[in-house]
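Below: one structure, written as C-alpha cells.
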Amino acid sequence: MKEEEYFQVAPGIWGMRIVFVNIYMVETGDKEWVLIDAGLQGSGGRIKRMAASLFGEDVPPKAIILTHGHFDHVGAIHDLLSTWKVQVYAHFYEMPYLTGHSSYPPPDSTVGGGMMSSMAFLYPKKPINLGTRIHALSKEGTIPNMPDWMYIHTPGHTPGHISLYRGRDKVLIAGDAFVTTKQESVMSIISQRKEISGPPKYFTPNWLAAALSVKKLRDLRPEVAATGHGMPMYGAELIAGLDNLVNNFKEVAIPSSGRYVKEPAKTNKQGVQHLPPAPLSKTLLVAVVALSAVVAFSIVRKAKRGY
C-alpha cells in the first residue's frame with residue numbers, strides 16, 4: 001500500500017479514509033498496535049494492507065476498539081476477525097448492538113443538511129453479533145493493550161459511544177462525538193473542507209447527551225483531534241472550533257426539526273427501545289391529506305344518496 005493512501009495524525013497514530021469514514025491504527029510498542037474502528041463493509045483488504053505497510057506482514061493488532069457500532073464503523077469487522085484472532089472491546093452500553101440483541105434507533109432522514117441525510121433511511125441499523133469476541137470495557141476508563149490511553153464515555157450519537165484520549169500529548173480520537181466535516185453534505189465529504197460539526201445529525205437520537213459529551217471533550221483542551229469523519233485538526237483551530245460548537249450547540253449542531261429533537265430515543269440495558277413517533281414527511285403528509293379528502297368526498301356523496 002502506498003503511504004499516501006493513509007495519513008499520520010500524531011506520533012504513533014495513523015488514519016485512513018474509507019469512502020466517508022475513518023479508521024485509526026495506534027502503535028503501542030515494537031510492532032504492537034491497536035485498531036480503532038473497522039470501517040465499511042468490504043474494506044477489510046485495505047485495512048490489512050495498511051497494517052502490513054505500517055507494522056509488517058502477519059502482525060495482527062493486539063485488540064480492536066470500537067468507538068461505537070454503527071454500520072460504517074464495524075463494516076469489515078467479521079472479515080478482520082476471520083484473519084486476526086484478537087478480541088474486540090466496546091462500552092457496556094453498546095453491547096446490545098454488537099451481540100445481536102437490538103437494532104439502533106432508526107436514522108432520521110428529515111433532519112436536512114444534504115444528501116447524506118436524505119438517504120439515511122437506507123442506512124443499516126440492525127445489530128451485528130460478535131459472539132465471544134466482544135467484551136465490555138472496564139468501568140475505570142482503561143483500555144486493554146493501550147496503557148497510555150483512557151476512554152471517555154461520550155453518549156448521544158449512540159448510548160455507548162466512546163472517545164479515546166492520550167493525556168501526555170493531548171491527542172483525542174473522538175469517534176463521532178463531533179466530526180471535522182459537515183457529514184450531512186456529500187459535497188463537504190468530497191471536498192473534506194474542515195469544519196468542526198456535531199455528530200452526524202441523521203444518526204444521533206439523543207441531543208442533550210450529545211451536547212454534554214462535546215463539552216466534556218472540549219474541556220480537555222485537546223491539541224489534536226482525529227474524528228470518525230473528516231481530517232485531523234490541531235491547536236488553535238481545533239480549540240476555536242470546539243469552543244464555537246459548545247457555545248452554539250443548539251444553532252450549529254441540533255437540527256431545526258426531526259424525530260429526536262424534542263424527545264430522545266431510549267434503549268435500556270436489555271436493548272428494548274422506546275422511540276418518539278416518526279414525523280410525517282411533507283410528501284407523506286400531502287398523500288395523507290389527499291387520501292383523507294377522497295375518503296371524505298366519498299362519504300359525503302354516499303350520505304347525499306341516502307346510503
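Side-chain atoms are counted along with the backbone in the values below, which use heavy atoms only and exclude waters and symmetry mates.
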key: Shortest non-hydrogen separation from Ile128 to His78 and the atoms involved   = CB-NE2, 4.2 Å
query = Does Glu27 CD have over 12 foreign heavy atoms under 6.0 Å away?
reply = yes
query = Any chance the rings of Tyr202 and Tyr123 have centres within less than 6.0 Å?
reply = yes
ask   = Can you pull the salt bridge (Lys or Arg N to Asp or Glu O under 4.0 Å) pairs that have at least one residue in residues 189-206, sequence neighbours excluded?
value = Arg193-Glu195
Rounded distance [0.5 Å steps], CE in Met25 versus CG in Leu54 = 6.5 Å
message = Assess the residue pair Val26 and Ile173 against the criterion (side-chain contact (heavy atoms from CB on, under 4.5 Å)); give the C-alpha distance rounded to whole Å, side-chain angles, the decisive distance to 0.1 Å, and a yes or no.
response = CA-CA 10 Å; Val26 179; Ile173 299 177; 4.0 Å; yes
ask   = How long is the gap from CD1 on Ile196 to CD on Glu237, to the nearest 0.5 Å?
value = 7.5 Å
inquiry  = How close do Ser138 and Tyr151 get, counting heavy atoms only, and between which atoms?
reply    = O-OH, 2.5 Å
ask   = Is Ile47 reachable from Ile64 through a run of I, L, V, M, F, W or Y residues, each pair having side-chain heavy atoms under 4.5 Å apart?
value = yes
query = Same cluster for Ile162 and Ile13 if Ile/Leu/Val/Met/Phe/Trp/Tyr side chains link at under 4.5 Å?
reply = yes
Lys/Arg N to Asp/Glu carboxylate O, Arg221 vs Asp243, below 4.0 Å = yes
ask   = If you measure from OG1 on Thr181 to CE on Met187, what distance do you get to the nearest 0.5 Å?
value = 11.0 Å
ask   = How long is the gap from CD on Gln192 to CZ on Phe20, to the nearest 0.5 Å?
value = 11.5 Å
query = Hey, any chance Tyr165 and Ile23 share a hydrophobic cluster, counting ILVMFWY side chains that come within less than 4.5 Å of each other, even indirectly?
reply = no
request  = Using a 4.5 Å cut-off on heavy atoms from C-beta on, say whether the side chain of Lys125 contacts that of Pro106.
outcome  = yes
message = Which residue is it: Asp176, Val74, Leu164? I am looking for the one with a side chain to side chain contact (heavy atoms under 4.5 Å, CB included) to Thr67.
response = Leu164
Plane angle bin for His153 and Tyr93 - parallel if under 30°, tilted between 30 and 60°, otherwise perpendicular = tilted
key: Minimum side-chain heavy-atom gap His229-Pro200 below 4.5 Å   = yes
message = As an exercise, state the distance from CZ of Phe249 to CZ of Phe178, rounded to the nearest 0.5 Å.
response = 11.5 Å
task = May I ask you to test the Val9-Val224 pair for a side-chain heavy-atom distance under 4.5 Å?
result = yes
remark   = Here the pair of heavy atoms bringing Ala38 nearest to Ser43 is O-OG, 3.9 Å
query = In terms of ring plane angle, is the pair Tyr104 and Tyr97 parallel, tilted or perpendicular, where the classes change at 30° and 60°?
reply = parallel
ask   = Do you know the tightest heavy-atom contact between Gly156 and Ala209?
value = CA-CB, 3.8 Å
key: Derivation and outcome, side-chain contact (heavy atoms from CB on, under 4.5 Å), residues Asp108 and Val261   = CA-CA 10 Å; Asp108 187 355; Val261 171; 6.0 Å; no
task = State, to 0.1 Å, how close Gly112 and Ser117 come at their nearest heavy-atom pair, and which atoms those are.
result = O-OG, 2.9 Å
message = I'd like to know if Leu242 and Ile152 are part of one continuous hydrophobic network [Ile/Leu/Val/Met/Phe/Trp/Tyr, side-chain heavy atoms within less than 4.5 Å].
response = yes
ask   = Between Ala174 and Ser163, which heavy-atom pair has the shortest distance, and what is it?
value = O-OG, 3.1 Å
inquiry  = Between Asp37 (side chain only) and Gly39 (backbone N and O only), is there a donor and an acceptor less than 3.5 Å apart?
reply    = no
request  = Quick one: pull up OG1 in Thr204 and NE2 in His70 and give me the separation to the nearest 0.5 Å.
outcome  = 7.5 Å
request  = Report yes or no: does Trp33 contribute a side-chain atom to a donor-acceptor pair with the main-chain N or O of Val59 at less than 3.5 Å?
outcome  = yes
request  = Check step by step if side-chain contact (heavy atoms from CB on, under 4.5 Å) holds for Lys250 and Trp207.
outcome  = CA-CA 9 Å; Lys250 183 177 180 180; Trp207 285 103; over 6 Å; no
key: Sidechain-backbone polar pair: Arg17 side chain, Gly230 backbone, donor-acceptor under 3.5 Å   = no
Expected output: side-chain Glu32 to main-chain Lys62 donor-acceptor under 3.5 Å = no
ask   = Going by atom types only, do Ser197 and Gln183 share a side-chain donor-acceptor pair under 3.5 Å?
value = no
message = With a 4.5 Å cut-off on side-chain heavy atoms, are Pro127 and Pro96 touching?
response = no
request  = Report, as yes or no, whether the 6.0 Å neighbourhood of atom NZ on Lys216 holds more than 12 heavy atoms from other residues, nucleotides or ligands.
outcome  = yes
inquiry  = Determine whether Trp84 and Lys48 satisfy the following criterion, side-chain contact (heavy atoms from CB on, under 4.5 Å), listing intermediate values before the conclusion.
reply    = CA-CA 10 Å; Trp84 295 334; Lys48 293 172 194 175; 3.9 Å; yes
ask   = Counting N and O atoms only, with roles assigned by atom type, does the side chain of Tyr24 sit under 3.5 Å from a partner on the main chain of Gly228, one being a donor and the other an acceptor?
value = no
query = Counting only heavy atoms not in Lys85, do more than 12 sit closer than 6.0 Å to its NZ atom?
reply = yes
Whether over 12 other heavy atoms sit under 6.0 Å from Met119 CE = yes
inquiry  = If we check ring pair (Phe, Tyr, Trp, His ring centres under 6.0 Å) with His157, which of these qualifies: His68, His91, His73?
reply    = His68
key: Cluster check Tyr260, Phe203: I/L/V/M/F/W/Y, side chain < 4.5 angstrom   = no
query = Any sub-3.5 Å donor-acceptor pair from Lys182's side-chain atoms to Gly113's backbone N or O?
reply = yes
query = Would you say the side-chain atoms of Thr142 and Glu140 include a donor-acceptor pair closer than 3.5 Å?
reply = no
request  = Verify the distance criterion only: is there a donor paired with an acceptor across the side chains of His161 and Thr154 at less than 3.5 Å?
outcome  = yes
query = Side chain of Thr180, backbone of Pro232: donor and acceptor closer than 3.5 Å?
reply = no
